[in-house]
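See structure below.
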2 protein chains.
Amino acid sequence: MGMLQAGNNYQVMPYRDEHLAMDFTQQAVILDSERMTLTRKEYDLLALLVQHAGEIIPREALLMQVWGYSPEIRTRTLDVHVRRLRKKLGGYADQYIETIFGIGYRFQPFHAPRFFRPQVVQPAMAVGA
Amino acid sequence: MGMLQAGNNYQVMPYRDEHLAMDFTQQAVILDSERMTLTRKEYDLLALLVQHAGEIIPREALLMQVWGYSPEIRTRTLDVHVRRLRKKLGGYADQYIETIFGIGYRFQPFHAPRFFRPQVVQPAMAVGA
DNA sequence: GCGAACATGTAAAAACATTGTAAAAAGGGG
DNA sequence: CCCCTTTTTACAATGTTTTTACATGTTCGC
């Protein structure tokens, strides 16, 4: 059981854009009308990112939410999972999942403007001690 | 992590003038309606200057606030960062960031009159702590 | 004015930090 | 065991910050 669902049962609207659709109640992800096969962790990670589309989510937050890791733990598993997600997202990968250097990642809806680099929306560890 | 945010969470009003807008809660900077991409240090430096628009901030204060350097430390990194900020500010650069020879720098709102050298508004701790 | 002494500007290199990636190792459920 | 998933490992690639070296600018005494 992923860390995600632990007491986290609020209603979440399905996501949909030109290429990607995600139904959180069914845990179904569809890319260009084909069903994506995701492992548990891959799904949890993508779900978390998509549910916060447009927001930067710090690494620590992702590691906390999906893995239950506290900030001290040093691991590269997040990077590896991001990589596999991107692979499965095919050509849209970098369009969808942005790396925010030194902070974390952000999922962007397909058409979202991408001029710049908005910063972390808030979280405690985003920038400072 | 920047020295800036260390216990420095007082409310700061967003900045805005004809060309530049800065939202400190989101750490977002917009120049002529396009988002500026700043590295952490660049942002910290610009934020500090803008938050004290119109005031001269001595080099030592900047180095203290943004880098945590004490006055003895000899480094040119401040100059280099100022340069990069100016570059990213494009044509408005020298309009915005003034060099006060022998003292430090000052950020000026776009229309601000620019006679000559006002004195340092404050010494040592005006800016910080 | 002129030049010495010091401050700042600038480009490039060096140092440092973070993220990407492939492959191997470790875990877990039939 | 076998297969699939997850994590670690080791190194490559990329991003950021600082230093270095020299150019340019400013002040000040003469």
Side-chain angles (χ1 to χ4, degrees), chain A residues 1-4 27 36-46 49 56-89 93-94 96-106 116-117 119-120 125-127, chain B residues 1-4 27 36-46 48-49 56-90 93-94 96-106 116-117 120:
Chain A
M1 196 138 306
M3 287 286 117
L4 273 181
Q27 303 208 356
M36 279 178 79
T37 328
L38 298 179
T39 67
R40 166 76 50 173
K41 281 280 195 291
E42 286 167 1
Y43 173 84
D44 287 353
L45 177 55
L46 182 60
L49 288 167
I56 296 174
I57 309 191
R59 293 179 69 92
E60 307 93 58
L62 294 168
L63 283 168
M64 183 61 213
Q65 298 285 319
V66 178
W67 280 268
Y69 287 176
S70 55
E72 311 88 59
I73 296 181
R74 192 180 61 79
T75 177
R76 307 298 316 282
T77 195
L78 170 56
D79 306 76
V80 175
H81 276 83
V82 166
R83 164 162 168 68
R84 286 205 274 259
L85 268 183
R86 282 178 167 154
K87 203 164 207 169
K88 293 188 178 178
L89 284 170
D94 295 317
Y96 276 129
I97 301 184
E98 282 181 283
T99 302
I100 311 300
F101 191 95
I103 304 183
Y105 295 92
R106 174 175 52 183
F116 36 79
R117 187 179 138 181
Q119 307 289 2
V120 180
M125 311 284 3
V127 160
Chain B
M1 48 209 61
M3 289 286 115
L4 275 179
Q27 296 195 198
M36 282 178 76
T37 320
L38 299 179
T39 67
R40 190 94 55 123
K41 281 280 194 293
E42 287 167 359
Y43 173 84
D44 287 352
L45 177 56
L46 182 60
L48 184 50
L49 288 167
I56 297 175
I57 308 189
R59 294 179 68 91
E60 309 92 58
L62 294 168
L63 283 168
M64 182 60 212
Q65 297 288 317
V66 177
W67 280 268
Y69 287 176
S70 54
E72 311 88 58
I73 296 180
R74 192 180 61 78
T75 177
R76 307 298 316 283
T77 195
L78 170 57
D79 306 77
V80 175
H81 275 83
V82 166
R83 163 160 171 69
R84 284 205 276 259
L85 268 184
R86 282 178 167 154
K87 203 165 207 169
K88 292 187 177 179
L89 285 170
D94 296 317
Y96 277 129
I97 301 183
E98 283 181 284
T99 301
I100 312 299
F101 190 94
I103 305 184
Y105 294 93
R106 173 174 55 181
F116 38 98
R117 246 176 73 173
V120 183

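- Proximity of a side-chain donor or acceptor of Arg59(B) to a complementary backbone N or O of Leu78(B) within less than 3.5 Å is not detected.
- Side-chain atoms of Asp79(A) lie closest to dT21(C) of the nucleotides dT21(C), dG9(C), dG15(D).
- Taking 4.0 Å as the cut-off between side-chain N and carboxylate O, Arg76(A) and Asp79(A) count as a salt-bridged pair.
- Looking at the side chain of Thr99(A), the nearest of the listed nucleotides dG20(C), dA17(C), dG25(D) is dG20(C).
- The side chain of Tyr105(A) contributes an N or O atom lying less than 4.0 Å from OP1 or OP2 of dG20(C).
- Between the CG atom of Leu63(A) and the P atom of dT6(D) there is a distance of 15 Å, rounded to whole Å.
- Between Trp67(A) and Lys41(A) there is a side-chain heavy-atom pair separated by less than 4.5 Å.
- Rounding to whole angstrom units, CD1 of residue Ile103(B) and C1' of dT26(D) are separated by 13 Å.
- Glu42(B) places a side-chain N or O within donor-acceptor distance of the main-chain N or O of Thr39(B), the cut-off being under 3.5 Å.
- Atom-to-atom, CZ of Arg40(B) to C1' of dT18(D) comes out at 17 Å; the value is rounded to the nearest Å.
- In this structure, the NZ atom of Lys88(B) is 12 Å from the C1' atom of dT17(D), given to the nearest Å.
- Taking atom CD1 on Ile97(A) and atom C1' on dG20(C), their separation rounds to 13 Å, with Å as the unit.
- One N or O on the side chain of Lys88(A) and one on the backbone of Thr37(A) form a donor-acceptor pair closer than 3.5 Å.
- Note: CG (Leu38(B)) to C1' (dT17(D)) measures 14 Å, nearest angstrom.
- In this structure, Leu46(B) places its CG atom 14 Å from P of dT17(D), rounding to the nearest Å.
- Arg106(B) places no side-chain N or O within 3.5 Å of a backbone atom of Thr99(B) that could act as its donor or acceptor partner.
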Tabulate atom names and distances for all N/O pairs under 3.5 angstrom spanning the protein and nucleotides 7-12 of chain D.
unit_1: dT7(D); atom_1: OP1; unit_2: Trp67(A); atom_2: NE1; d: 3.2
unit_1: dT7(D); atom_1: OP2; unit_2: Trp67(A); atom_2: NE1; d: 2.7
unit_1: dT7(D); atom_1: OP2; unit_2: Thr77(A); atom_2: OG1; d: 3.0
unit_1: dT8(D); atom_1: OP2; unit_2: Thr75(A); atom_2: OG1; d: 2.5

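- Arg86(B) contributes no side-chain N or O that, together with a main-chain N or O of Asp94(B), makes up a donor-acceptor pair within less than 3.5 Å.
- One atom, CG of Asp94(A), and another, P of dT14(D), lie 12 Å apart when rounded to the nearest Å.
- Between Thr39(B) and the phosphate of dG15(D), there is no side-chain N or O to OP1/OP2 separation shorter than 4.0 Å.
- Between Arg59(B) and dT8(C) there is a side-chain polar atom (N or O) within less than 4.0 angstrom of OP1 or OP2.
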